[in-house]
Amino acid sequence: MAILSAKLVEVIQLGTEIAGLIDLPVKYWPLPGQYLPCQRLDGDMDGLATPLFPVLVGPNRLALGALPATWQPGDLVACAAPQGHGFSLPGSVRRVGLVPYGVSPNRLLTLVPDGLAQQAAVSLFTDRGIPEDVLARVPSQVEILPLAALVEEPGWPDYLAVDVDRSGLTTFIDQVAPHTWRCEAEVLIFTPMPCRGVGECGVCAVRTRRGWRYVCADGPVFPLKEVVHVAR
Amino acid sequence: MAILSAKLVEVIQLGTEIAGLIDLPVKYWPLPGQYLPCQRLDGDMDGLATPLFPVLVGPNRLALGALPATWQPGDLVACAAPQGHGFSLPGSVRRVGLVPYGVSPNRLLTLVPDGLAQQAAVSLFTDRGIPEDVLARVPSQVEILPLAALVEEPGWPDYLAVDVDRSGLTTFIDQVAPHTWRCEAEVLIFTPMPCRGVGECGVCAVRTRRGWRYVCADGPVFPLKEVVHVAR
Amino acid sequence: MWLDEERPVLKRELLLDKPFVNASGTLGFAPEPRLAPALRGLGAFITNPISRAPRVPAANRAVIPFLGGFLLHSGYPNPGITRVISHFRQRWAAAPLPVIVHLLVETPADIAEMLPKLEGLENILAVELGLPPDCHPDLLAALFEAGYGELPLVPCVSPEQVPVLLGVLTGLGPAAVHLVEPRGALPGGDGEIIPGRLYGPAIFPVMLRAARVLVTAGLRVIANGGVTARWQVDALLETGVLAVGLGSALWGIDQGMRLLSAEP
Amino acid sequence: MWLDEERPVLKRELLLDKPFVNASGTLGFAPEPRLAPALRGLGAFITNPISRAPRVPAANRAVIPFLGGFLLHSGYPNPGITRVISHFRQRWAAAPLPVIVHLLVETPADIAEMLPKLEGLENILAVELGLPPDCHPDLLAALFEAGYGELPLVPCVSPEQVPVLLGVLTGLGPAAVHLVEPRGALPGGDGEIIPGRLYGPAIFPVMLRAARVLVTAGLRVIANGGVTARWQVDALLETGVLAVGLGSALWGIDQGMRLLSAEP
Ligand SMILES: Cc1cc2nc3c(=O)[nH]c(=O)nc-3n(C[C@H](O)[C@H](O)[C@H](O)COP(=O)(O)OP(=O)(O)OC[C@H]3O[C@@H](n4cnc5c(N)ncnc54)[C@H](O)[C@@H]3O)c2cc1C
Ligand SMILES: Cc1cc2nc3c(=O)[nH]c(=O)nc-3n(C[C@H](O)[C@H](O)[C@H](O)COP(=O)(O)OP(=O)(O)OC[C@H]3O[C@@H](n4cnc5c(N)ncnc54)[C@H](O)[C@@H]3O)c2cc1C
Ligand SMILES: Cc1cc2nc3c(=O)[nH]c(=O)nc-3n(C[C@H](O)[C@H](O)[C@H](O)COP(=O)(O)O)c2cc1C
Ligand SMILES: Cc1cc2nc3c(=O)[nH]c(=O)nc-3n(C[C@H](O)[C@H](O)[C@H](O)COP(=O)(O)O)c2cc1C
Ligand code: FES
Ligand code: FES
């Protein structure tokens, strides 16, 4: 249980979310899809940590989000070690699809640099408008398409990364029909994680093919096929 | 029940207290010893107003204190009308004594400009060190003396203004022996005023010669002789 | 004047034409003109607690903030029922809204002495009973027995009293039950532990749950709730309470007013 | 191993060598090595709630913040007593501190079936009983009757249960009573009202008052309290509780640790 006290250096508005640069050694940076349990010192006295995920930024900078609205630059933040299973983009893939479903695209966009680095085409499938300020930070090689494009041509991607709120899983399955996908696919399930695994409280539970699993410890990223038929 | 929404323009450290300049029409400025019930909009959600008193500042500026530590410049503040009975410095007095007992001198120092304007000698009697930054704002004509000076020569002042926490009244009476004073004297009794009179809750009550009185409505400034023998 | 020919006067039933009241202790003893803006939003005015004999402020009176609210300990100072009536009966009669008188009662004798003094006064809608914290079901039944008369009785219960008193309450079938703030304790400035009522949004989840228990048992409920936001009013009304009691919000500068004037 | 020759084993009495425990549900089913820093500060480890049959997470599981705390509704998921014991008995036995097993009980039959499975296991200090919210005094007495045996029983009561159960508790004279978080309710994201336990500093004044009532009645008390600061620990200990239960503070990054490692 390494605990680090770090400073919130800068605060960035990313669409509707607030992200922050936290002064952390690189070895503490969470990977795409992982999270860092953080708690502002001398505030947030309910005792709960906020899980912060890597979100879109430029090279050599790590922005974490979404920050609670009350956090201010200069605040000291206690951080536990990065936690959970993130995305694992296979080195062989050539056509990467990103599907932020009903959530901001910020967490998935952290996969863009790796995708482009391995010469893959990267498409973002979404029906929600992408805020100007976020769009300005997305490399121009990334194609932005409506979800219908994926539903019509589910064979195009050879890797798909989904980001969805637990409460949106059923609608997602109904609308997007992910069982028609043949490629490798992973899903980040976004849900409150009050105990971040410390208490096995079960509030973050999802049903999977292999029984109940906890998003905080077994996720937040799952193979899509593990949850697609049973999740609720 | 006039309600004004005003901006907190500037925040000033005055010794251990924080004071603020609030962008208020002059007719809403409380007089020395009066208070302005204020509540920060979108914060302080317990529903209680904070009573802000005039505190030491230069000419044509009104600083109010003590501000809650969470208030920031730019915050919007809802203010009710100035409330309560303040000090009434008689125009005839020539030797004014100020006695902040166990509290900061900031509230009493607002009497200095009027005292000096009427050519009175003004002395501040206190055994607590006065913080540098406060001292720097006190006109050099004001003499600063230990309490013992007043106890030894109670006949010197022809007007005395006292500021004391309700919980400190008994000690004050024991140590300073105000019944030996012959001059006109007033006392600001500082105590929480949760309902500011709206509910007649009685939390601010003090016993006076004429029965129980409420600091929020009948005070905060009382003739000293009303409370000196019975207050508790 | 509130009672008029047009309006049906239903004994033992409480009709409020707006779904808000004030919590006892928050607006004083009578609906004074200075309170007019708040009064326009209320369905009834509830007086400060009134006891048989005069009460002085508690020696250890205090307000102690905590995260999400504050504890208040006052001693319920009041000049006693006789002086309250002679002082305020005219103002109650002339009020622009009906008045509910809050009585502090410990024994059946208290109520038997106090209630007759109120009967016959104008514009009194009901009498609220402030109960001791350890009120036994038998005591509540005896208080109702002693208080049977013209005026509907509204017992006040705090959430920690609900499990003990639920059975007797459903049996008595009062005009309404008023769910009031929980009791708590906190160390004061000098470390002494101060008992008192808890106010502010911190208490809302406890109050919402207790309101649901009372409503589910078939009781007519007025519920305080540490309410400072409209969604809290809505949650209580959807639960089925007759009216929401505003407490500390009425002491703020304009929070209470915003709640009272908002469209439902 | 905790039980050794030197130490007197007092049946029906609870000896804790440090004045802290965790609240049930906050540190999982067994004192795992990853929890070591927290465990060093605790006088005993309390397991997550364990039921007779397996329980799955509640369909409407949720955590809902409010000013000063949060509501938690989990459904108390657990694999049932039989699987819990086979999975964790070794870890309980090998633990660096004694273990208190928390059982969810609804009927005397529950406890009569579950308790014998625990007797004879090593390093179990006591069995805690999680009670239904409407637990009647007769039910509690029947549970004790059914549970009489080797292991001390520690009933868990929330503040709203104290007035109802105080009488029977003093009669039963349990090894200790554990005062646990109050129940509440809040609207969830879609407006549905979610019931659950309340955590965080907002509950402290209610817990301190209830702890005083229990201690004053002569009971030995372990008290949770939404404790996040040392002055709250001190206020509870001065009130006379045996130990303070830490809840949400143990889920923070280092708040719980600061409480556990501070000098008294
Ligand atoms: C069983 C019980 C329960 C209570 N519950 C609560 C509660 O829930 N909440 C709460 O806030 N309070 C409560 N109180 C009231 C409170 O605790 C005090 O008992 C009460 O307010 C009296 O305060 P005291 O101790 O200061 O007064 P006392 O000890 O009665 O002394 C009063 C003093 O004031 C003097 N005095 C009285 N009236 C006047 C006057 N008009 N002018 C000058 N002097 C005067 C008297 O001579 C005397 O010296 C309760 C009291 C009792 C007995
Ligand atoms: C009287 C009572 C009081 C309760 N009190 C509380 C309380 O205070 N706090 C609280 O948090 N909860 C409480 N609960 C528990 C909670 O409300 C739910 O009843 C319980 O958690 C079951 O949730 P559910 O409705 O989702 O499950 P159910 O309606 O029982 O459905 C379970 C579903 O999950 C499936 N399933 C079960 N296990 C698995 C598995 N391992 N793998 C895959 N699928 C599986 C089943 O096939 C079924 O479809 C209480 C329950 C009862 C009956
Ligand atoms: C005359 C009298 C009337 C009372 N009426 C009320 C009442 O209406 N409402 C109330 O909250 N408590 C009432 N009480 C009880 C006190 O609240 C209680 O004694 C006080 O809260 C101390 O209790 P505690 O130490 O258990 O918190 C009354 C007490 C007395 C003596
Ligand atoms: C098997 C079982 C065991 C229970 N044990 C507990 C318990 O240990 N602790 C607890 O808080 N509630 C326990 N309960 C009761 C539930 O908390 C209660 O039904 C739930 O809070 C819903 O109550 P409410 O709607 O009145 O808030 C138990 C319920 C069941 C079915
Ligand atoms: S957050 Fe508690 S088990 Fe996952
Ligand atoms: S503050 Fe309530 S009466 Fe003075």
Side-chain angles (χ1 to χ4, degrees), chain A residues 1-6 28 36-52 68-70 76-81 83 102 165-168 170-171 190-208 211-217 230-232, chain D residues 22-30 32-38 47-49 54-59 61-79 188-190 196 199-202 226-229 246-259:
Chain A
M1 278 217 296
I3 293 171
L4 223 74
S5 155
Y28 279 96
L36 199 70
C38 293
Q39 192 174 14
R40 192 170 55 148
L41 295 176
D42 303 318
D44 312 328
M45 292 301 290
D46 58 9
L48 290 181
T50 303
L52 296 182
T70 48
L76 278 184
V77 173
C79 311
Q83 205 169 316
D165 196 277
R166 182 168 70 78
S167 63
T170 320
T171 337
F190 189 73
T191 190
M193 301 184 289
C195 87
R196 63 193 174 98
V198 171
E200 301 173 55
C201 72
V203 166
C204 69
V206 284
R207 251 179 88 206
T208 75
W212 288 93
R213 288 291 179 272
Y214 290 163
V215 167
C216 63
V230 292
R232 38 158 219 165
Chain D
N22 60 304
S24 178
T26 58
L27 291 180
F29 291 93
E32 314 276 357
R34 70 186 163 89
L35 302 171
T47 70
N48 274 13
R55 281 169 74 108
V56 301
R61 56 200 176 273
V63 53
I64 311 178
F66 64 96
L67 210 57
F70 58 91
L71 176 150
L72 191 79
H73 177 58
S74 67
Y76 302 129
N78 77 91
D190 59 358
Y199 297 83
V227 165
T228 55
L246 296 182
S248 57
L250 292 169
W251 292 358
I253 306 289
D254 73 344
Q255 206 164 38
M257 290 315 304
R258 266 183 285 147
L259 287 172

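Below, read A as the first sequence line, B as the second, and so on, with proteins coming before strands; counting in each chain starts at 1.
- Across all non-hydrogen atoms, the minimal contact from A:Y214 to D:P77 is OH-CG, 3.8 Å.
- With respect to chain D, the highest number of heavy-atom pairs below 4.5 Å among A:A78, A:G202, A:S5 belongs to A:A78.
- Separating the CD atom in A:E200 from the CD atom in D:E32 is a distance of 6.5 Å, to the nearest 0.5 Å.
- Closest approach of A:P37 and D:I253 over heavy atoms only: O-CD1, 3.3 Å.
- Residues A:C201 and D:W251 have side chains in contact (heavy-atom distance under 4.5 Å, counting atoms from C-beta outward).
- Contact record, A:V203 with D:H73: CG2-O, 3.8 Å, taken as the closest heavy-atom pair.
- Among all heavy-atom pairs drawn from D:N48 and A:G199, the shortest one is ND2-O, 2.9 Å.
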